[in-house]
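Written out below as structure tokens is the structure these notes cover.
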Amino acid sequence: PGRLRRLELTHCALTVEEIQARLTGATAQAQALADVRREEQQKAERAREQAAAARAAAEAAAMRECCSCYDEVNMAAGVECSARPDAHFLCEACFQQCCLTT
């Protein structure tokens, strides 16, 4: 700033109107920042909900019903025979029992 502006800033008090204008501007900035923060929090919450739904869908897709005991079991904890059109799944316990008895 020029010399006159520096002198004005150094030696002149702000008027009530100038103080109100600065306060209004600062309040508007604070509100805008709060709005942005709220939007970001809402986006993050939606992302967390979508991720949880995707995990639940993946877990549900990985579940199979054992054709022997009828328990719902994660397919990683059993054996699925899909060689035939009538694919079937045995949980680990039932598969072990089947192997021991046949």
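The figures that follow rest on heavy atoms only: side chains count, while hydrogens, waters and symmetry mates do not. In this chain, numbering begins with 1 at the start of the sequence shown.
At least one side-chain heavy atom of Glu40 sits under 4.5 Å from a side-chain heavy atom of Lys43. When side chains are defined from C-beta on, Ser68 does not count as touching Cys98, because their heavy atoms never get closer than 4.5 Å. Looking only at side-chain heavy atoms (C-beta outward), Leu33 and Arg37 stay at 4.5 Å or farther from each other.
Residues His88 and Cys67 come closest through the heavy atom pair CB-SG, 4.0 Å. Residues Glu18 and Leu14 approach most closely at OE1-CA, 3.2 Å, considering heavy atoms. Heavy atoms only, all atoms of each residue included: Phe89 and Val73 are closest at CE2-CB, 4.0 Å. For the pair Leu90 and Cys94, the tightest heavy-atom approach, listed with the atom from each and the gap, is CD2-CB, 4.1 Å. Taking every heavy atom of both residues into account, Arg48 and Gln41 meet most closely at NH2-O, 4.5 Å.
With respect to Arg64 and Glu80, a salt bridge is recorded, a charged nitrogen being found less than 4.0 Å from a carboxylate O. Looking at Glu49 and Arg46, no side-chain N of the basic residue comes within less than 4.0 Å of a carboxylate O on the acidic one, giving no salt bridge.
Taken from CZ in Arg6 to CZ in Arg3, the straight-line distance is 8.0 Å, to the nearest 0.5 Å. Note that the SG atom of Cys91 and the CD atom of Glu65 stand 11.0 Å from one another [nearest 0.5 Å]. Atom CD of Gln31 is separated from atom CZ of Arg38 by 6.0 Å, given to the nearest 0.5 angstrom. For the atom pair Ile19 CD1 and Thr24 OG1, the distance stands at 11.5 Å (nearest 0.5 Å).
Connectivity analysis of hydrophobic side chains (ILVMFWY, heavy atoms under 4.5 Å, direct or indirect) links Leu100 to nothing; its cluster partners are none.
Connection of Met75 to Met63 is not established within any shared hydrophobic cluster, with ILVMFWY side chains joined at heavy-atom distances below 4.5 Å, either directly or through further cluster members.
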